[in-house]
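Below is one structure, written out as structure tokens; the observations come after it.
Keep in mind it's a predicted model, so treat the numbers as computed, not measured. All heavy atoms count here, side chains included; hydrogens, waters and symmetry mates do not.
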Amino acid sequence: MSARALRAAPALAVAWLLPGAALACAVCGFGEDQSRIAYIATTALLSALPIALLAGLLIFLRRATRAERRPRD
């Protein structure tokens with residue numbers, strides 16, 4: 001085994017023996033339904049935000065280049 005694997009072995013053994021300790025996040029594993037719904041909604045919003053910003057930028061650039069091409073009479 002490598003030295004890295006030997007250093008990680010105790011932590012992995014503890015995590016395997018105490019699976020309840022892995023549920024430390026109050027929103028993910030426990031809590032009320034409202035907090036769980038808020039967590040999922042926030043995750044969806046933050047996942048969609050970069051895509052929406054990129055789409056908005058592309059639409060803006062497309063309109064700007066089309067306005068440049070039009071004759072100004």
Side-chain angles (χ1 to χ4, degrees):
M1 267 201 232
S2 69
R4 186 176 188 182
L6 289 174
R7 284 191 303 249
L12 291 174
V14 169
W16 183 68
L17 293 173
L18 300 172
L23 299 175
C25 178
V27 178
C28 299
F30 300 104
E32 299 175 10
D33 279 340
Q34 289 179 346
S35 62
R36 188 174 301 143
I37 291 169
Y39 177 76
I40 292 170
T42 304
T43 302
L45 175 70
L46 291 176
S47 296
L49 189 61
I51 296 168
L53 288 172
L54 183 61
L57 177 66
L58 291 175
I59 290 169
F60 171 77
L61 290 174
R62 183 177 176 192
R63 288 182 181 174
T65 56
R66 282 187 176 183
E68 288 274 329
R69 291 181 187 171
R70 287 190 200 140
R72 296 181 184 176
D73 291 327

Seminar exercise, completed: What one should report as the nearest heavy-atom pair of Leu6 and Pro10 is O-CD, 3.3 Å

For this session: Go through the steps for Leu45 and Leu49 under the test side-chain contact (heavy atoms from CB on, under 4.5 Å), then give the verdict.
Result: CA-CA 6 Å; Leu45 175 70; Leu49 189 61; 5.5 Å; no

Seminar exercise, completed: One should read off an interatomic distance between Leu61 CG and Arg66 CZ, to the nearest 0.5 angstrom, of 12.5 Å

Exercise. Are Pro50 and Leu54 close enough that some pair of their side-chain heavy atoms sits under 4.5 Å apart?
Worked result: no

Exercise. CD1 of Ile37 to OG1 of Thr42: how many Å apart, nearest 0.5 Å?
Worked result: 11.5 Å

